[in-house]
Amino acid sequence: MSDAAAHAMEHHTSTGIDSRKVAIWTLIGSECLFFASLISTYLVYKGKSLVGPLPHAESQCMLHGAMQKCEGVFEIKLVTTGTAILLFSSFFVVMALYGAQKGNRKMLVGWLAATVMCGLFFVSMQVYEFNHFYHKGMGYGTNLFSSTFYTLTGFHGSHVSVGVIWLSTLLVLAIRGKLPPEKSLNLEIAALYWHFVDVVWIVIFPVVYLMR
Amino acid sequence: MDAHAHAPAGEHSHPTPALYFKVALVLFVLTALEVMAFEAGHGGMGAGIRPVIEPIVVELLLVLSAAKFALVAMFYMHLKQDSRLLTNLFVFPILLAAGVIMGLIVLLQYWRTVGAH
Amino acid sequence: MATSVIDRSPATHAPENTGIWSWITTVDHKRIGILYGATAFLFFLIGGLEALFMRIQLMKPDNTFVSAATFNSLFTMHGTTMIFLGVMPLSAMFFNYFIPLQIGARDVAFPRLNAFSYWVFLLGGLFINFSWLINAAPNAGWFGYANLTERTYSPGLNTDFWVLGLQILGIASMAAAINFFVTIVNLRAPGMKMLRMPMFVWMSFITQILLLLAFPVITIALVFLMMDRHFGTHFFIPEGGGDPILWQHLFWIFGHPEVYILILPAFGIVSEVLPVFSRKPLFGYTAMVFSGAFIAFLGFGVWSHHMFATGMGPFADSFFALSTMLIAVPTGVKIFNWIGTLWGGSLQMKTPLYFALGMIAMFIIGGLSGVMHSSPPADLQQTDTYFVVAHFHYVLFGGSIFGLTAGAYYWFPKMFGRMLSEKIGKLHFWLMFIGFNVTFFPMHFLGLNGMPRRVYTYPAGLNFEFWNRIQTYGSLLLGVSFLVFIYNLWQASRKPADAPADPWKGATLEWLIPSPPQEFNFADVPPVNSSMPAWDLRRAGGGQLPEPPRVSGAGIHMPRPSYWPVVAAFGVLGVIGSVLFTEAFPHWYFITLGGAAVLFYGVYRWAFEPAF
């Protein structure tokens with residue numbers, strides 16, 4: 001085997017795709033089953049809570065030991081804003097990647113910073129939402145709705161948080177000039193993870209918030 | 001399945017920022033439609049449209065969210081331009097996930113309430 | 001940056017890092033494979049002891065060798081240990097050692113992630129077994145049915161050790177599954193198309209896919225149970241609206257694919273051994289690949305056959321009965337193809353072949369009792385009796401363990417450069433075969449006569465005494481067979497490492513490099529034009545293959561050893577293990593935060609250190 005061929009063999013892959021990219025897609029495929037289990041449980045227990053509070057307004061439900069009119073805890077406007085922000089963040093990160101691949105540091109840093117901000121906003125929205133629900137009497141174990149809701153959206157939120165940390169690390173590297181085009185795959189992989197997190201929310205938003 | 005060269009997959013018809021922006025707009029519109037469907041189906045947009053939307057609100061929401069899902073996957077996650085392997089790595093678990101969700105709903109919600117035993 | 005010139009001159013001396021630090025920081029797949037194997041074998045022996053104690057207790061009616069409470073821990077830990085700390089990591093030993101060799105690669109795709117998987121496995125196994133020392137061993141069955149496992153009925157730490165231990169082990173399995181999946185997809189030698197890969201690699205590949213898709217489901221189920229036990233939820237608690245049956249569904253959606261995870265590698269090993277020892281190519285290679293894939297895929301659609309006695313209703317029962325019966329078809333294809341491989345072959349009656357043949361025969365018996373279970377009316381009588389215990393021991397011991405043992409005898413010379421004794425090997429086989437059948441075959445009778453599972457004793461006069469006694473003698477014989485195996489390993493270790501590269505005239509790439517292989521595996525990857533590259537070369541060489549030389553290998557850049565995977569593994573232990581302390585300290589979450597800090601730090605240093 002010639003020397004050049006031997007060296008090429010070190011970085012050659014059978015599919016022509018970088019192994020890290022195949023790995024992140026493999027992880028994404030596996031994560032689909034995590035969220036499937038969580039979503040299934042949410043749907044299976046939907047409407048089965050023994051007591052309130054409940055997600056959407058009902059004529060009545062058992063609250064504080066008595067049957068009362070049920071308000072419904074969801075604040076659709078707030079969550080819709082968060083959903084839109086998360087969607088736009090997918091757009092922002094794609095633009096950041098474009099900048100990284102073209103060697104345009106300003107574009108990379110600007111759009112990536114915007115992505116991180118969106119992620120932080122989304123997490124803050126969730127923290128606010130959880131806090132708001134808690135003050136309405138919705139603890140973790142209050143009823144089936146609360147348990148399944150907090151677990152499903154909490155899992156999603158922790159995935160968003162991991163994504164924010166990951167993207168922030170890359171942002172710092174980018175600012176320091178350590179994310180040149182040859183290393184843009186690092187951002188591409190983080191971006192794929194980020195899009196997946198967005199895509200999971202695309203499913204959770206209607207299924208949890210918009211279906212009664 | 002030999003690799004041919006070091007050419008990174010999908011560099012040929014590379015999407016432009018303009019395309020990405022258009023996708024973002026469509027995503028925004030689809031989200032707005034989702035919320036409108038929700039409101040319309042529950043009387044938030046008047047009594048006229050409610051009986052039209054209410055019976056199909058679940059299906060509408062599923063279709064709209066599926067469209068958003070596909071757009072993000074195909075364009076932002078680059079699956080349209082990338083190797084088929086990656087699409088399969090995503091689609092197969094999604095189908096399985098859908099099967100698991102349906103299976104559990106049928107076994108625990110539907111058959112339970114219908115009282116099949 | 002490495003040079004591109006590989007030094008192929010003869011190795012002047014073989015420098016070997018033998019210190020303990022070199023083993024702790026190793027990222028070499030071969031060393032990690034040996035670590036998995038040694039650790040798994042020790043856990044397997046512990047699981048075997050747990051079984052022996054149960055057998056002694058059951059030897060006669062109303063026995064008092066162990067208490068009922070201890071017995072509950074014995075059957076729980078025996079099952080959990082054998083599955084998660086025995087069969088799975090023994091398979092992982094072979095995945096680690098032989099997948100890269102069989103596809104002609106230098107190592108796996110992510111060597112440090114590979115090391116991480118091993119250390120997390122070790123810590124998880126130690127964590128769950130630590131419970132024995134504080135008399136809190138898990139005791140609610142290896143399948144942890146709710147709501148027995150809820151705080152009301154299992155107030156101690158036992159179930160917490162089980163839940164948290166499995167979560168830790170799950171992380172090890174998932175990381176390894178990603179690694180092997182990417183390795184097989186991406187690191188094959190030129191010419192090795194997917195449909196030219198060895199059968200062991202194919203079955204392992206399918207196993208990794210099953211791991212990736214099944215483990216998330218049990219992870220979520222375990223999270224729900226943990227939340228119920230410690231954080232006030234009612235996922236499986238009826239008083240709060242929860243449904244214990246949901247646990248069963250989630251558990252078995254994982255649990256059924258899990259049994260295919262346990263058997264497919266053994267199938268792969270048998271498919272390697274039979275052709276070599278019949279001197280004939282595998283019969284129906286493509287059918288073997290597709291039947292394996294079909295079994296795995298269908299395996300996701302049969303889970304509720306574990307729940308026929310829970311009252312799911314006739315439609316659910318019928319659906320799952322049919323899907324379960326259907327799975328017998330691709331399994332049958334495999335068995336017929338193995339017979340087809342042997343038929344007309346020139347059988348080399350060596351120890352690996354003995355164990356492979358034993359595997360096929362025992363698995364058929366286990367499969368037959370399995371088909372009997374697939375009928376819901378029949379299963380209503382068999383479920384929760386010793387009939388089921390017989391069934392799964394025939395497929396898991398008769399199937400997986402016999403298959404893995406065949407692999408051990410087949411591949412030992414390659415891994416350690418020494419031959420195991422044929423005489424002792426055959427003695428091992430007969431003792432194990434007889435001991436196994438004497439232990440487990442009578443369980444079919446006991447089960448059909450009504451002896452329930454998971455009982456610590458039985459009264460006299462129910463006709464259970466005779467077979468229980470026989471079974472205990474059988475289990476002692478089984479124990480002796482393992483001592484014989486250990487003796488075989490020991491006597492081989494005292495020989496010099498001068499076994500040939502290809503003692504069996506194998507068909508696959510691993511036989512073309514020295515025994516044991518050099519760190520870089522291949523200096524030059526041989527050409528691959530079929531699924532039997534070593535046989536192709538042998539045929540081209542007129543039936544001979546030269547003994548491959550050991551070369552210097554300088555100029556090949558290998559991944560650097562690292563201790564960050566170990567650090568990160570401790571972080572995982574800290575984060576998950578901290579939940580053990582929710583009742584003990586009010587500020588238990590400081591342990592979680594500490595573990596998370598260690599984990600993050602370990603991961604960051606790992607990410608930023610150069611891989612080579």
> Which heavy atom of C:L187 sits nearest a heavy atom of A:S19, and at what distance?
Replying inline: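 In terms of heavy atoms, the two residues are closest at CD2-OG, 4.4 Å.
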>> I need the minimum non-hydrogen distance between A:S30 and C:L212, along with the two atoms involved.
In response: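 Taking A:S30 first and C:L212 second, the nearest heavy atoms are OG-O, 2.7 Å.
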>> Run the side chain to side chain contact (heavy atoms under 4.5 Å, CB included) test on A:L173 and C:F608 for me, step by step, so that the C-alpha distance in whole Å, both residues' side-chain angles and the decisive distance to 0.1 Å come before the verdict.
In response: CA-CA 11 Å; A:L173 284 175; C:F608 285 102; 3.9 Å; yes
>> One pair to check against side chain to side chain contact (heavy atoms under 4.5 Å, CB included): A:L33 and C:F254. What are the steps and the verdict?
In response: CA-CA 11 Å; A:L33 271 301; C:F254 151 77; over 6 Å; no
Sort by residue number and list every residue of [range] having at least one heavy atom under 4.5 Å from chain C.
range	value
residues 107-146 of chain A	A:Y140, A:G141, A:L144
residues 66-74 of chain A	none
residues 197-212 of chain A	none

>> For C:F297, I'd like to know if atom CZ has over 12 heavy atoms of other residues, nucleotides or ligands within 6.0 Å.
In response: no
To the nearest 0.5 Å, what is the distance between [atom1] ([X]) and [atom2] ([Y])?
X	Y	atom1	atom2	answer
C:L250	A:S40	CG	OG	7.5 Å
A:T41	C:F224	OG1	CZ	3.5 Å
C:I184	A:S14	CD1	OG	11.0 Å
C:M174	A:T26	CE	OG1	10.0 Å

> Looking just at side-chain N and O atoms, do A:T15 and C:N186 make a donor-acceptor pair shorter than 3.5 Å?
Replying inline: yes
>> Under a plain distance cut-off of 3.5 Å, with no hydrogens placed, do C:T233 and A:Y150 share a side-chain donor-acceptor pair?
In response: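 Side chains of A:Y150 and C:T233: no pair found under 3.5 Å.
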> Tell me, side chain or backbone of C:Q208 under 4.5 Å from chain A's heavy atoms, or both, or neither?
Replying inline: neither
> Checking heavy atoms, do the side chain of C:F231, its backbone, both or neither come under 4.5 Å from chain A?
Replying inline: both
> Where does A:L50 contact chain C at under 4.5 Å (heavy atoms): side chain, backbone, both or neither?
Replying inline: side chain
>> If we define contacts as heavy-atom pairs under 4.5 Å, which of A:W25, A:F35, A:Y45 has the most with chain C?
In response: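 Top count of heavy-atom pairs under 4.5 Å with chain C: A:Y45.
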Donor-acceptor contacts, no H, no angles, side chain residues 216-223 of chain C, under 3.5 Å, sequence neighbours left out:
from	atom 1	to	atom 2	distance (Å)
C:T219	OG1	C:F215	O	2.8

